[in-house]
Structures are given as structure tokens and as C-alpha cells.
There are 2 protein chains.
Amino acid sequence: MLTKSTSEQDKQELRARIMEVARDLFVQKGIDAVTMREIAKRIGYSATSIYLYFADKQALLREICESDFAAMASHIKVILEIADAEKRLIAISDSYAKFALMYPNHYQLMYMTPHARYGISVDDEYKNNLEKDAYFQLRTVVNAVFLEGKFRKEWNDVDLIAQTLWAGIHGVCALQITMPKEDWINWRPVEHRLQMMQTLLKLGLTER
Amino acid sequence: MLTKSTSEQDKQELRARIMEVARDLFVQKGIDAVTMREIAKRIGYSATSIYLYFADKQALLREICESDFAAMASHIKVILEIADAEKRLIAISDSYAKFALMYPNHYQLMYMTPHARYGISVDDEYKNNLEKDAYFQLRTVVNAVFLEGKFRKEWNDVDLIAQTLWAGIHGVCALQITMPKEDWINWRPVEHRLQMMQTLLKLGLTER
DNA sequence: ACTGTTAACTTAACAATGTTAAGTTAACGG
DNA sequence: CCGTTAACTTAACATTGTTAAGTTAACAGT
């Protein structure tokens with residue numbers, strides 16, 4: 001406002017700042033509860049300035065989502081270094097859940113918001129990419145364990161296995177985020193629920 | 001509009017009609033995308049008339065949710081007649097998933113919307129009630145199976161078991177609803193994923 | 001049949017929202 | 001130092017949830 005972001009770098013920085021502030025607000029108050037004017041005030045510009053950097057609110061949201069998908073994948077990526085495939089699988093599941101519960105609102109944007117409704121569509125760059133696609137990471141690890149012959153014979157569809165594992169962890173996290181303390185349910189600690197889910201899935205997959 | 005709803009019965013009917021129409025719109029377009037004026041137009045009254053029957057949009061939403069919780073519980077209730085406890089458990093899980101996938105938008109309102117954010121809080125009448133509380137129904141059946149000694153010894157916390165089972169089924173359904181066809185995931189049919197989830201959980205819970 | 005009274009309903013209005021169009025002004029090139 | 005352009009702002013619009021102020025339908029009593 002005092003000075004204009006004229007250089008390419010300044011513009012990129014301002015763009016990034018808008019995304020940061022917007023994500024914080026989205027995450028804190030919900031997408032529809034955040035106004036463009038509020039975002040603008042926080043970055044010290046007028047509301048309409050945002051439209052110089054993003055086509056509209058939806059586009060802003062979409063970019064935030066994409067960047068969060070990447071953040072999650074990079075959060076998980078270190079796991080892929082682990083040598084033992086089975087340990088890798090446990091670790092990736094832990095890591096996924098940890099991300100979900102540490103950043104519940106990011107997670108909500110990414111995996112609990114009906115994408116079609118908000119016009120979210122992920123760029124191709126994020127698909128089937130070990131760096132940027134968390135599902136692909138999981139599938140890859142599941143495949144490694146599968147190739148080592150660690151699963152019961154009846155489980156021979158790697159995609160099906162990965163998707164079921166995903167659903168299990170997602171279910172625990174999503175319920176925790178949606179109904180964190182509905183008093184009529186005698187909730188057990190989310191860590192216990194996660195632990196149990198992992199154990200059940202593992203027993204079902206591997207024990208003979 | 002031509003005639004006024006003066007008798008108690010007329011008023012109740014109009015109230016119910018508002019809820020019906022509003023639910024249809026909510027599930028079809030999302031809560032925030034539906035305007036009071038749109039609901040009003042469909043019932044043939046002015047927008048402000050809705051406020052004669054519901055305090056505000058949030059209150060309307062809350063009542064719809066409550067009524068849907070009851071609908072689900074009643075959908076599940078017939079299951080409780082099944083004599084064999086283990087079969088009852090399978091059936092309740094099938095029935096839950098069936099409801100979720102048959103009425104994805106109801107389900108979304110009920111179990112995938114952060115309740116706090118929309119000020120949803122369920123009336124006491126729906127809690128710990130075998131007629132109206134689906135979680136309580138599940139917990140009851142889990143308890144019956146537990147008392148028959150069908151679970152492995154290490155699983156001795158009935159709430160924990162029920163919550164983990166719930167999370168498993170919920171995870172499959174919720175992912176299906178949120179990302180029904182994201183093309184970069186090689187989705188297996190949701191029926192297969194459900195089947196596998198149930199099998200894994202059962203193996204983990206019962207097999208020695 | 002008329003007339004109040006009341007409760008059901010409508011219209012008008014408000015502040016707030018996303019977004020566009022029209023103005024300003026800062027910065028850089030000459 | 002001036003003119004052009006791109007960055008930014010102000011003004012404005014249609015739409016939203018909601019409230020306040022009006023209208024009118026229905027029923028009760030004469």
C-alpha cells in the first residue's frame with residue numbers, strides 16, 4: 001500500500017502472503033466464514049487487490065489446496081527412506097494421521113470437502129507423483145510390502161489394499177475432526193482409536 | 001400465501017414442508033449455497049416467513065440434522081431383531097454403509113460437517129437412545145458380541161471397539177462421498193472396499 | 001352480517017458479502 | 001522531469017441473512 005509490488009519477486013511474495021493469510025483464516029473459521037475484505041485487511045491491502053493475484057475466492061482456495069497436498073506429501077516423503085517395507089507402511093500411516101490431526105483444517109480442506117462443490121480440481125502436476133501425491137506414496141509402499149509376499153494370499157489387489165488402509169486411517173481422523181467432543185459419545189482417546197485401527201488392519205492383512 | 005396456516009396442524013405441516021425443501025436444497029447444493037429466499041420461493045412463501053417457524057438458518061439446519069439422525073437410526077433399527085449377535089454386527093455395518101451411500105448428502109450433513117462450525121448440537125432426546133442414536137445401536141450390538149466372548153482377549157474395551165468399527169465404515173463411505181471420482185486414483189468399487197474393510201476388521205477382532 | 005383483535009404473512013430496509021468497473025497513484029524509462 | 005503503465009483503491013452492484021415495520025386473513029363476539 002505504501003509501496004507497490006512492482007518487481008516479479010515482490011509480486012510472488014505478496015501472492016504467497018495472501019495464500020498464507022487466507023489459509024490461516026479458512027482453517028480457523030471455515031471457508032465461507034472468511035471474507036475477502038478480512039483477508040485483505042490482514043495483508044494491509046484493499047479487498048480488490050486480491051483479484052489482481054487470484055481470479056476469485058475459489059481460485060485462491062484451489063491454490064491453497066494444491067499447496068497443502070504438496071505439503072502433506074513432503075511431510076510423508078521422509079518416510080520413504082526407511083529400509084524395511086513393513087515398517088515403512090506403519091510409518092506412513094502414522095505420518096498421515098499425524099498430519100491430519102496436527103493440521104485438522106488443512107486436512108479438512110483437502111480430504112473432507114466435497115471437491116466438486118467448491119470447484120476444487122487438482123492440477124495434473126500433483127497426480128501419481130511421489131513428491132506430491134500422498135495416495136501414490138501409500139500405494140507405492142503397499143506394493144513393496146505386497147511384492148515381499150507379506151500379505152495373506154487372498155489380498156492381491158494392491159489398489160484395493162491401499163484404498164482400504166487409507167479409508168481406515170481417514171475414518172478415525174475424519175470422525176475426530178468432525179465430532180471432536182460430542183458429549184453423548186464416550187470417546188476413547190484418538191491415539192487409542194488410531195492404534196487399534198492400525199492393529200486390526202495389520203492383523204487382517206498379514207496374520208495367517 | 002393464499003390461505004394462512006392458522007390451525008396447529010397446518011402450521012406443523014408447513015414447518016415440515018420447509019424442512020423437506022430445505023434439506024433437498026442443502027444436500028443438493030451445499031448449506032452455504034442455499035438462500036433463505038430460494039427455500040421460500042419453493043414453498044410459495046416469502047423468505048421472512050421461514051423465520052416464523054425457525055429462529056434462523058442454523059436452527060433450521062439443526063432440526064434437519066436431528067430428524068436425519070432419527071431416520072438413520074430407524075433405518076438400522078430393524079437389524080436389532082436379528083437373533084445371532086455376530087450376524088447383527090455385520091448387518092448393522094452393512095445397513096449403516098447402505099444408508100450413507102444411498103443418502104450421501106444426508107450423511108454428509110450428519111457425519112461429515114464440522115458441527116461446531118455450523119452450531120449444530122443434537123438434542124438430548126437423540127442420545128443413548130436405541131430408537132434414535134445409531135452409535136448407541138452399534139455399541140449395544142458390539143457389547144452383545146463381546147459378552148458372548150467372540151473377540152480376542154486383548155480387545156476388552158467395548159467403546160473402543162465400537163468406535164474403531166465405526167471409523168472403518170465411515171472412512172470408506174466418507175472418502176467415497178468426498179472424492180467419488182478423482183481420476184488420478186484408480187478407485188476400486190466402493191462395494192469391494194466396504195467388503196474388504198469389514199473382513200479386515202472382523203479378522204483383526206476375532207481370529208485367533 | 002359487522003367489527004375488532006390477533007396472529008400469519010409480506011414488504012422494506014440494513015449491513016455484509018463477492019465481484020466488477022472506474023478512478024488514482026506510484027514507479028520506471030525516456 | 002514528464003508520460004505511460006501497471007499496481008492499487010474507491011465506488012458501486014447484486015445478493016445474502018436478518019429485523020422492523022406494515023398488511024391482511026381468520027376467528028370471536030356482538
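Proteins come first, then strands; the chains are lettered A, B, ... in the order of their sequence lines, and each starts at number 1.
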How many whole angstroms separate atom OH of Tyr53(B) from atom C1' of dA8(C)? 7 Å

Can you list, by residue number, the residues of residues 8-19 of chain A that have a non-hydrogen atom closer than 4.0 angstrom to DNA chain C? none

Check Met197(A) against Thr164(B) and note the closest heavy-atom contact, atom names and distance. CE-O, 3.3 Å

Atom-to-atom span, NZ of Lys4(B) to C1' of dT5(C) - whole angstrom: 12 Å

In Å, rounded to the nearest 0.5 Å, how long is the span from CG of Asp24(B) to CD of Glu20(B)? 7.0 Å

Rounded to the nearest 0.5 Å, what's the gap from CD on Glu191(B) to CD on Gln176(B)? Could you check? 8.0 Å

Got a second to check how far Ile161(B)'s CD1 is from Leu201(B)'s CG, nearest 0.5 Å? 11.5 Å

Nearest-nucleotide 5' precedence on DNA chain C, Ala55(A) against Ala33(A): Ala33(A)

Please determine whether a side-chain nitrogen of the Lys or Arg among Asp68(B) and Arg23(B) lies less than 4.0 Å from a carboxylate oxygen of the Asp or Glu. yes

Shortest non-hydrogen contact between Ile50(B) and Ala40(B), atoms and distance: CD1-N, 3.9 Å

Give each protein N/O atom lying under 3.5 Å from an N/O atom of nucleotides 11-16 of chain C, with the pair distance.
unit_1  : atom_1 : unit_2   : atom_2 : d
dT11(C) : O4     : Thr48(B) : OG1    : 3.1

For Phe54(A), report the nucleic acid contact type (base, sugar-phosphate, nothing); a contact means any heavy atom under 4.0 Å. nothing

Separation of Leu52(A) atom CG from dA26(C) atom P, in whole Å? 16 Å

Here the distance between atom C1' of dT25(C) and atom OH of Tyr45(A), to the nearest Å, is 14 Å

Can a side-chain donor-acceptor contact be found between Glu13(B) and Gln9(B) if the only test is distance below 3.5 angstrom? yes

Taking dA27(C), dC8(D), dC9(C) as options, the one with an atom nearest any side-chain atom of Ser5(A) is dC8(D)

Rounded to whole Å, please give me the gap between NZ in Lys57(A) and P in dT17(C). 9 Å

I need the CD-C1' distance between Glu38(A) and dT17(C), as an integer number of Å. 12 Å

Test item: side-chain donor near acceptor, Asn186(A) and Tyr135(B), under 3.5 Å: no

Any base atoms under 4.0 Å from Tyr51(B), or only sugar-phosphate, or nothing? Heavy atoms, all strands. base

How long is the line joining CD1 of Ile31(A) and P of dT17(C), in whole Å? 17 Å

Would you compute the distance between atom CZ of Phe54(A) and atom CD of Glu63(A) and round it to the nearest 0.5 angstrom? 5.0 Å

Would you call the rings of Tyr103(B) and Phe99(B) parallel, tilted or perpendicular, taking 30° and 60° as the class edges? tilted

What is the distance, to the nearest angstrom, from the CE atom on Met36(A) to the C1' atom on dT15(D)? 16 Å

Any N/O pairs under 3.5 Å between the protein and nucleotides 27-30 of chain D? List them or say none.
none

Could you give me the CA-CA distance, side-chain angles and deciding distance for Tyr107(A) and Tyr96(A), then say whether side-chain hydrogen bond (donor to acceptor under 3.5 Å, both in side chains) is met? CA-CA 10 Å; Tyr107(A) 189 80; Tyr96(A) 182 95; 2.8 Å; yes

Closest heavy-atom pair and its distance - Val34(B), Glu38(B): CA-OE1, 4.0 Å

